Amino acid sequence: MGHRDPIVYLNTNTMATRKKVFVTREIPEVGLKMLEEHFDLKVRREDSPIPREQLMEEIKDYDGIITILTDKMDSEVMDNAPNLKIISAFAVGYDNIQVPEATKRGIAVGNTPEVLTQSTAEHALALIMSVAKRTNEGDMVMREDSFPGWGPMYMLGTELEGKTVGIIGYGRIGQKLGEMMEKAFDCKIIYMDHSEKSTGGARKVELDELLKESDIVSIHVPLNEHTRHFIGEKELKQMKKTAYLINTARGPVVDEEALLKALQDGTIRGAGMDVFEKEPRRLAGLEQCKNVVMTPHTASATWEARSKMSEIAAKNIIGVLIEGEKPVAILNPEVLAK
Ligand code: GLV
């Protein structure tokens with residue numbers, strides 16, 4: 001028998017109807033592999049945020065898009081996307097997306113809750129530990145070889161055992177941090193939230209009491225019109241002089257100018273910041289404050305969390321665009337009910 005070429009059946013029909021998905025930034029492969037199975041996929045593999053003009057241009061033909069938190073998804077962008085059915089945020093926070101505008105246009109908006117809770121709470125804990133133990137300050141001293149030698153009063157920090165932790169926003173991440181602080185250091189947890197949460201021994205209080213009583217105040221609210229500059233000069237002045245402020249939520253929740261001043265004049269003892277008002281920049285002057293520990297918005301930057309975020313972001317797209325599949329987390333499910 002002579003050699004025969006194998007027959008390849010080209011299902012041109014399926015090829016033609018594959019929906020189109022665009023990813024604005026490289027994300028872990030796991031989600032991209034899932035998307036490749038179903039869609040005509042384009043990934044912008046650049047190590048920088050997509051310029052707005054490029055986003056406006058690219059979005060024209062796509063049915064689904066995965067965005068990162070610096071991609072501003074407003075009505076102007078959405079008006080350029082006649083086929084768009086889903087914006088899948090590679091993040092839990094979605095202040096960059098005008099969700100009501102998406103809803104009006106029948107576009108679903110997905111996010112990635114749960115899977116970054118552990119990572120973010122661990123990061124808040126890391127900031128608490130480093131600012132209270134002055135580890136970064138000590139590290140700097142050793143790097144510049146300026147350690148003057150052991151001293152009884154040299155570089156004293158704060159113990160965490162039994163301290164009061166005030167958590168602003170007692171959702172998944174806030175609760176996880178509360179649990180960690182309770183278990184590890186027998187801390188007393190008080191929190192501020194719209195609703196009463198029945199977890200452990202934590203007690204719901206008003207903001208005034210939280211600020212006055214806490215040794216550590218940690219912020220875990222989303223950014224919206226109610227939370228912009230939620231912590232400013234007045235609130236910082238209500239805090240104990242020995243207290244620390246930790247922000248792993250969104251920069252604009254804290255008035256950064258007021259915080260800088262509070263750090264400079266000793267209104268509070270220190271701060272841990274993972275987020276900033278005008279990212280990627282931080283306010284000039286913060287670099288001079290020894291009592292602040294800063295990280296570049298990396299609270300969810302673990303291999304574990306980012307892989308799971310990639311998977312959920314892909315599942316949200318598949319769930320909306322492929323019949324019979326279900327998305328994991330959609331912020332405006334009313335769009336899908338139609
Ligand atoms: C990160 O900041 C997120 O919202 O996922």
Side-chain angles (χ1 to χ4, degrees), residues 92-93 95 117 120-132 157-263 265-275 277 291-293 299:
V92 67
D95 46 282
T117 299
T120 308
E122 284 183 11
H123 200 88
L125 176 60
L127 291 177
I128 293 169
M129 295 291 284
S130 29
V131 72
T158 305
E159 272 184 18
L160 301 172
E161 182 78 11
K163 293 289 192 298
T164 297
V165 182
I167 299 184
I168 298 180
Y170 210 49
R172 288 174 289 258
I173 299 169
Q175 287 178 37
K176 178 57 80 175
L177 177 68
E179 219 176 86
M180 287 174 178
M181 298 303 290
E182 218 169 6
K183 275 195 201 151
F185 305 110
D186 214 5
C187 286
K188 182 175 145 201
I189 312 298
I190 53 179
Y191 68 88
M192 205 207 101
D193 201 283
H194 299 304
S195 54
E196 192 98 27
K197 315 272 177 175
S198 55
T199 52
R203 188 167 59 88
K204 184 172 182 297
V205 296
E206 295 300 320
L207 182 62
D208 284 354
E209 182 177 348
L210 184 141
L211 295 170
K212 278 186 202 131
E213 296 298 318
S214 299
D215 300 295
I216 296 146
V217 173
S218 193
I219 301 173
H220 300 282
V221 286
L223 173 64
N224 56 40
E225 71 271 26
H226 307 294
T227 60
R228 190 172 293 275
H229 281 197
F230 196 69
I231 300 294
E233 188 186 342
K234 172 171 160 265
E235 290 72 26
L236 289 160
K237 284 199 167 130
Q238 284 176 277
M239 288 172 66
K240 292 183 183 174
K241 269 192 159 1
T242 51
Y244 300 100
L245 179 71
I246 308 297
N247 189 5
T248 52
R250 283 291 182 267
V253 176
V254 175
D255 178 345
E256 208 164 297
E257 292 263 6
L259 176 59
L260 172 63
K261 200 159 164 292
L263 291 168
D265 66 16
T267 301
I268 60 172
R269 186 173 274 170
M273 304 166 76
D274 183 51
V275 288
E277 269 202 87
N291 51 351
V292 64
V293 174

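Owing to the predicted nature of the structure, the values given are computational and were not obtained by experimental measurement. Each residue takes its place number in the sequence, starting with 1.
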- Query: Of the non-hydrogen atoms in L236 and A262, which two are nearest, and what is the gap between them?
  - Reply: CD1-CB, 4.0 Å
- Query: Between V292 and M273, does a side-chain contact (heavy atoms from CB on, under 4.5 Å) hold up when you go through it step by step?
  - Reply: CA-CA 7 Å; V292 64; M273 304 166 76; 3.7 Å; yes
- Message: Strictly distance-based, threshold 3.5 Å: is any side-chain N or O of K240 a donor or acceptor partner for the main-chain N or O of E213?
- Response: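 Yes, K240 side chain to E213 backbone: donor-acceptor pair under 3.5 Å.
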- Message: Give me the atom names and distance for the closest heavy-atom approach of G169 to D193.
- Response: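 It is C-OD2, 3.6 Å.
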- Salt bridge present between E209 and K212 (N-O < 4.0 angstrom): no
- Query: Who pairs with R269 by salt bridge (charged side-chain N to carboxylate O under 4.0 Å, His left out), at least two apart in sequence or on another chain?
  - Reply: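 Per chain and number, R269 pairs via salt bridge (charged side-chain N to carboxylate O under 4.0 Å, His left out) with no residue.
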- Just by distance, do the side chain of N247 and the backbone of R250 share a donor-acceptor pair under 3.5 Å? yes
- Task: Look at atom CD of E206 and say whether more than 12 heavy atoms of other residues, nucleotides or ligands are closer to it than 6.0 Å.
- Result: no
- Query: Mind checking whether M192 and F230 have side chains closer than 4.5 Å, heavy atoms only?
  - Reply: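 SC-SC contact between M192 and F230 confirmed.
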- Item | D255: side chain to side chain contact (heavy atoms under 4.5 Å, CB included) partners, not counting sequence neighbours |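 Listed in chain order: H229, E257, A258, E277.
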- Looking only at heavy atoms, which two atoms of H220 and A249 are closest? And how far apart?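 Closest approach of H220 to A249, heavy atoms only: CA-CB, 4.2 Å.
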- Item | D95 side chain to L223 backbone, donor-acceptor under 3.5 Å | no
- Task: Could you pull out all residues at least two apart from K204 that satisfy salt bridge (charged side-chain N to carboxylate O under 4.0 Å, His left out)?
- Result: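 Here no residue qualifies.
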- Message: How close do I190 and L210 get, counting heavy atoms only, and between which atoms?
- Response: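 Smallest interatomic distance, heavy atoms only, reads CD1-CA, 3.8 Å.
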- May I ask you to test the T158-D215 pair for a side-chain heavy-atom distance under 4.5 Å?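 SC-SC contact between T158 and D215 ruled out.
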- Grab the two heavy atoms, one from K237 and one from E233, that are nearest each other, plus how far apart they are.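 Closest approach of K237 to E233, heavy atoms only: NZ-OE2, 2.7 Å.
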- Note on the structure: Separation between NZ (K163) and OG1 (T242), nearest 0.5 Å, reads 8.0 Å
- Query: Does L160 reach the side chain of I216, with side-chain heavy atoms less than 4.5 Å apart?
  - Reply: yes
- Message: I'd like to check V217 versus E235 (side-chain heavy atoms, cut-off strictly below 4.5 Å). Are they in contact?
- Response: no
- Message: Looking at every heavy atom in both I219 and V254, which two are closest together, and how far apart are they?
- Response: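 Minimum heavy-atom separation between I219 and V254: CD1-CG2, 3.4 Å.
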- Do side-chain atoms of T164 reach the backbone of K188 as a donor and acceptor pair under 3.5 angstrom? no
- Nearest 0.5 Å please: distance from the OG atom of S214 over to the CG atom of L245. 10.5 Å
- Side chains of V131 and I246: does their closest heavy-atom pair fall under 4.5 Å? yes
- Please lay out, stage by stage, how I231 and L211 fare under the test side-chain contact (heavy atoms from CB on, under 4.5 Å). CA-CA 10 Å; I231 300 294; L211 295 170; 4.2 Å; yes
- Note on the structure: Rounded to the nearest 0.5 Å, the OG1 atom of T120 sits from the NZ atom of K176 at a distance of 11.5 Å
- Note on the structure: Between the OG1 atom in T227 and the CD1 atom in I168, the distance rounded to the nearest 0.5 Å is 10.5 Å
- Task: Taking the side chain as every heavy atom from C-beta outward, state whether T248 and L177 have any pair of such atoms under 4.5 Å apart.
- Result: no
- Taking the side chain as C-beta and beyond, is there a heavy-atom pair between Y170 and E196 under 4.5 Å?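 They are not in contact (no side-chain heavy atoms under 4.5 Å apart), so the answer is no.
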- Task: Please check if the side chain of Y191 supplies one atom and the backbone of G174 the other of a donor-acceptor pair under 3.5 Å.
- Result: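 Pair absent, no side-chain N/O of Y191 close to backbone of G174.
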- Message: Rounded to the nearest 0.5 Å, what separates atom CE in M239 from atom NZ in K241?
- Response: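 The distance works out to 11.5 Å.
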- Side chains of L125 and M181: closer than 4.5 Å at any heavy-atom pair? yes
